[in-house]
Enquirer: 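Quick one: the structure is below, and I'll ask about it shortly.
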Amino acid sequence: QVQLVESGGGSVQAGGSLRLSCAASGTAYSNYCMGWFRQAPGKEREGVAAIYTGSGRTYYADSVKGLFTISQDNAENTLYLQMNSLKPEDTRRYSCAADMEAATMGVVPPLSAADFGYWGPGAQITLSS
């Protein structure tokens with residue numbers, strides 16, 4: 001049973017930085033896609049960044065390129081999202097997700113929420129100006 005749990009959310013001033021973590025357990029494969037998504041109330045979920053755990057190849061939404069960095073610690077089964085120069089519009093609930101069924105195979109960039117079958121409960125990030 002795959003389980004994902006985010007941590008590191010909270011409140012931060014605009015221009016600040018924050019790092020989210022996602023602890024994964026029950027993942028039996030060595031190469032699969034993990035991603036970070038965010039959602040504002042009443043809005044669709046938006047793919048932010050993704051990484052293939054085997055190759056380390058990363059993908060980013062255009063809106064966060066150069067600002068956010070996705071990384072992983074395979075030994076700790078932990079996914080990270082480093083977010084810099086945060087803006088008020090980055091206020092969202094951020095969730096990590098895993099694609100264990102290879103639904104993202106051949107999809108570039110692999111940032112569609114529909115392709116990810118396992119989700120963490122999410123962590124709220126609130127920006128103040």
Enquirer: Looking only at heavy atoms, which two atoms of S21 and T78 are closest? And how far apart?
Expert: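 So the two residues come closest at CB-CG2, 4.2 Å.
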Enquirer: Start with the C-alpha distance between M83 and D90, add both sets of side-chain angles, then the distance that settles side chain to side chain contact (heavy atoms under 4.5 Å, CB included), and finish with yes or no.
Expert: CA-CA 10 Å; M83 301 176 288; D90 292 319; over 6 Å; no
Enquirer: Looking only at non-hydrogen atoms, find the nearest pair between L4 and A98 and report the distance.
Expert: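 Here L4 and A98 meet closest at CD1-N, 3.7 Å.
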Enquirer: Does T69 offer a backbone N or O that forms a donor-acceptor pair with the side chain of Q82 under 3.5 Å?
Expert: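 No; zero donor-acceptor contacts below 3.5 Å.
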Enquirer: Should the heavy atoms of other residues, nucleotides or ligands under 6.0 Å from CD of E44 be counted, would the total exceed 12?
Expert: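 Result for CD/E44: open.
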Enquirer: Identify each donor-acceptor pair in which a side-chain atom of residues 117-128 lies under 3.5 Å from a protein atom, sequence neighbours left out, and give them as a table.
Expert:
residue: W119; atom: NE1; partner: F116; partner atom: O; Å: 2.9
residue: Q124; atom: NE2; partner: R92; partner atom: O; Å: 3.4

Enquirer: For the atom pair CD (Q72) and OG1 (T58), what is the distance rounded to the nearest 0.5 Å?
Expert: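 Rounded to the nearest 0.5 Å, the CD-OG1 separation comes to 10.0 Å.
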Enquirer: In Å, rounded to the nearest 0.5 Å, how long is the span from CG of L86 to OG of S17?
Expert: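 Here the rounded value is 6.0 Å.
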Enquirer: Considering all heavy atoms of both residues, which atom of S95 and which atom of E6 are nearest to each other, and what is their separation?
Expert: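 What the structure gives for the nearest pair is CA-OE2, 3.2 Å.
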Enquirer: If hydrophobic clusters are built by linking Ile, Leu, Val, Met, Phe, Trp and Tyr wherever their side-chain heavy atoms come under 4.5 Å apart, do W36 and Y80 end up in the same one?
Expert: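 Not linked; separate clusters.
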Enquirer: What are the two closest heavy atoms between P110 and A50, and how far apart are they?
Expert: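 Nearest heavy atoms, P110 then A50: O-CB, 3.5 Å.
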Enquirer: Under 4.5 Å between side-chain heavy atoms, hopping through other hydrophobics if needed: is there a path connecting V5 to L81?
Expert: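 Looking at the clustering, L81 is in a separate group from V5.
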Enquirer: Show your reasoning for whether side chain to side chain contact (heavy atoms under 4.5 Å, CB included) applies to R38 and L20.
Expert: CA-CA 12 Å; R38 63 184 184 182; L20 292 174; over 6 Å; no
Enquirer: Which heavy atom of C96 sits nearest a heavy atom of L79, and at what distance?
Expert: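 Smallest heavy-atom distance, with atoms named: CB-CD2, 4.2 Å.
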Enquirer: Y59 vs Y52 aromatic rings, parallel, tilted or perpendicular, using cut-offs 30° and 60°?
Expert: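 Rings of Y59 and Y52: perpendicular, over 60°.
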Enquirer: Looking at CD of E101 and SG of C33, how far apart are the two atoms once the value is rounded to the nearest 0.5 Å?
Expert: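 The CD atom of E101 sits 12.0 Å away from the SG atom of C33.
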Enquirer: Strictly distance-based, threshold 3.5 Å: is any side-chain N or O of T53 a donor or acceptor partner for the main-chain N or O of Y32?
Expert: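 Checked: pair present.
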Enquirer: Do Y60 and F37 sit in the same hydrophobic cluster, where Ile, Leu, Val, Met, Phe, Trp and Tyr count as joined when their side-chain heavy atoms come under 4.5 Å apart?
Expert: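 No, separate clusters.
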Enquirer: Can you list every pair that meets salt bridge (Lys or Arg N to Asp or Glu O under 4.0 Å) and has a residue in residues 68-88, with sequence neighbours left out?
Expert: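 Not a single pair qualifies under salt bridge (Lys or Arg N to Asp or Glu O under 4.0 Å).
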Enquirer: Which pair of heavy atoms, one from L111 and one from A61, lies closest together, and at what distance?
Expert: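 The answer is CD1-N, 3.6 Å.
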